[in-house]
Amino acid sequence: MNTKITDVFFDLDHTLWDFEKNSGLALAAIFQKQGIAIDLDAFLKQYVPVNLKYWELYRTDQVSQSELRFGRLKETFDLLGYAIADEQVVFLSEEYIRYLPDYNHLFEGTVELLDYLKPKYKLHIITNGFADVQGRKLDNSNISRYFETVTNSELAGVKKPNPIIFEYALELAQAKKESSIMIGDCLIADVQGALDCGLDAIYFNEQRTAAPETIKQVFHLLELKKHL
């Protein structure tokens, strides 16, 4: 246990909540229900990078929430040459948001880690995700009980890595920068954003992508026990 740290802030999607697995299950259910005759694996192969691109555009205020939700599906259908009306894409995007929190696979070790940390620290969430969806994810995956506060970009009015969202989260948590740490899967939004704001940070590098040697990182959530 790091005696200096009192408050641990987590990202949610791609850090604790397995977005890719849950997203695939939600899309499979929607396509089956709506009779979308498309190979799911082929769709996901295109959708995963397209979705990440749109989240980057959303993070940097280049697209709106509605443009993100529509664009990521529309572009994927277009890349696969699947003819579909814009009205149906809008409907599917709404169904996707409705279905997504019903699938709640967590990354391996999530509950064990939270059980380990909860008696030692105050735990919090900072997410760029949408408030209604993120709340349902936390509740449906049965991990909301671990967290003292949940900060999202809609509440803060800005998105990670903007320092304002970290300041907002710290104030909400009544935590100090020097005794707080941020854990997340995005080097820019989670790790560098926290470091630039004066918090310590650990990169959850489940994909084992290249990262600067100066960045603390773990490849499995349970490795965090070595740091906390």
Side-chain angles (χ1 to χ4, degrees), residues 10-60 62-82 84 86 88-111 125-144 150 152-154 159-160 183-190 204-209 220-221:
F10 283 94
D11 179 43
L12 183 58
D13 292 343
H14 304 282
T15 299
L16 301 175
W17 198 84
D18 193 339
F19 182 91
E20 303 304 353
K21 181 178 286 189
N22 296 321
S23 176
L25 291 168
L27 288 167
I30 295 165
F31 289 172
Q32 182 178 21
K33 182 180 178 181
Q34 300 302 324
I36 303 295
I38 198 167
D39 181 86
L40 181 65
D41 288 339
F43 186 90
L44 291 174
K45 185 177 181 180
Q46 299 293 339
Y47 177 77
V48 169
V50 167
N51 181 53
L52 291 174
K53 180 186 78 172
Y54 270 87
W55 271 103
E56 174 66 13
L57 292 171
Y58 179 70
R59 183 178 66 77
T60 53
Q62 297 180 66
V63 297
S64 66
Q65 181 185 113
S66 60
E67 288 170 333
L68 180 155
R69 291 178 172 181
F70 174 83
R72 61 187 177 183
L73 290 178
K74 174 64 174 173
E75 185 169 322
T76 305
F77 282 121
D78 288 347
L79 286 169
L80 293 169
Y82 187 91
I84 186 169
D86 285 356
Q88 189 171 16
V89 176
V90 171
F91 174 76
L92 292 174
S93 71
E94 293 169 351
E95 287 288 276
Y96 177 64
I97 293 300
R98 188 166 69 87
Y99 273 67
L100 188 58
D102 291 341
Y103 299 91
N104 289 286
H105 291 275
L106 301 169
F107 278 102
E108 184 179 39
T110 294
V111 172
I125 294 286
I126 309 179
T127 173
N128 281 351
F130 312 127
D132 57 336
V133 181
Q134 301 302 75
R136 287 164 56 209
K137 288 175 183 176
L138 288 165
D139 289 341
N140 293 347
S141 60
N142 200 31
I143 60 172
S144 59
V150 178
N152 62 67
S153 55
E154 290 173 287
K159 308 171 190 76
K160 295 176 293 184
I183 298 160
D185 71 290
C186 182
L187 267 176
I188 297 172
D190 299 316
F204 174 49
N205 189 6
E206 194 259 346
Q207 296 294 319
R208 294 180 179 267
T209 56
H220 190 284
L221 286 175

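Numbers for residues simply follow the sequence, beginning at 1. Side chains included, hydrogens not; waters and symmetry mates left out as well; all remaining heavy atoms used.
Arg69 forms a cation-pi arrangement with Phe130, by the criterion of a distance under 6.0 Å to the ring centre and an angle within 45° of the ring axis.
Rounded to the nearest 0.5 angstrom, Ile97 CD1 and Glu95 CD are separated by 11.0 Å. Rounding to the nearest 0.5 Å places CD1 of Ile183 at 8.5 Å from CG of Leu16. The line from CG of Asp102 to NZ of Lys137 is 11.5 Å long, rounded to the nearest 0.5 Å. Taken from CD in Gln46 to CG in Asn51, the straight-line distance is 13.0 Å, to the nearest 0.5 Å. Interatomic distance, Leu40 CG to Gln32 CD, rounded to the nearest 0.5 Å: 10.5 Å. Taking OG1 of Thr127 as the start and NE2 of His14 as the end, the distance is 9.5 Å to the nearest 0.5 Å.
Residues His220 and Glu108 share a closest heavy-atom pair of NE2-OE1, 3.1 Å. Listed here is the closest heavy atom pair of Ser64 and Ser66: OG-OG, 3.1 Å. Here the closest non-hydrogen pair linking Asn140 and Pro101 is ND2-O, 3.0 Å. The heavy-atom pair separating Lys160 from Ala189 by the smallest distance is CB-O, 3.5 Å. Nearest heavy-atom pair across Gln62 and Glu67 is O-OE1, 4.4 Å.
Using a 4.5 Å cut-off on side-chain heavy atoms (C-beta onward), Tyr82 and Asp39 make no contact. Residues Ile125 and Gln134 form no side-chain contact, since every pair of their non-hydrogen atoms from C-beta on lies 4.5 Å or further apart. Using a 4.5 Å cut-off on side-chain heavy atoms (C-beta onward), His105 and Leu25 make contact. Counting heavy atoms from C-beta outward, Gln88 and Phe77 have side chains that stay 4.5 Å or more apart. At least one side-chain heavy atom of Leu92 sits under 4.5 Å from a side-chain heavy atom of Gln34. Residues Arg59 and Ile188 form a side-chain contact, since some pair of their non-hydrogen atoms from C-beta on lies under 4.5 Å apart. Under the 4.5 Å side-chain criterion, counting only non-hydrogen atoms from C-beta, Ile30 is not in contact with Ile36. The closest side-chain heavy-atom distance from Ile143 to Asn104 is not below 4.5 Å.
A donor-acceptor contact shorter than 3.5 Å is absent between the side chain of Asp13 and the backbone of Phe19. Remark: side-chain polar atoms of Ser93 are not paired, donor with acceptor, to backbone N or O of Phe70 under 3.5 angstrom. A distance-only check finds a donor-acceptor pair linking the side chain of Asp190 to the backbone of Asp185 [under 3.5 Å]. A donor-acceptor pair is defined here as one N or O able to donate and one able to accept, closer than 3.5 Å; no such pair exists between the side chain of Thr15 and the backbone of Leu12.
Ring centers of Trp17 and Phe204: at least 6.0 Å apart, outside the cut-off.
Side-chain contact of Asn128 with Ser153: a donor-acceptor pair under 3.5 Å is absent, judged by distance alone. Thr209 and Gln207 are not linked by any side-chain donor-acceptor pair at a separation below 3.5 angstrom, with hydrogens and angles left out of the test.
A side chain to side chain donor-acceptor pair (under 3.5 Å) with Ser23 holds for exactly one of Tyr96, Tyr99, Tyr103; it is Tyr96.
Aromatic ring pairs are classed by plane angle as parallel below 30°, tilted from 30° to 60° and perpendicular above 60°; the pair Tyr58 and Trp55 is perpendicular.
A salt bridge is defined here as a Lys NZ or Arg NE, NH1 or NH2 lying under 4.0 Å from an Asp or Glu carboxylate O, and Glu56 with Lys53 fails to meet this definition.
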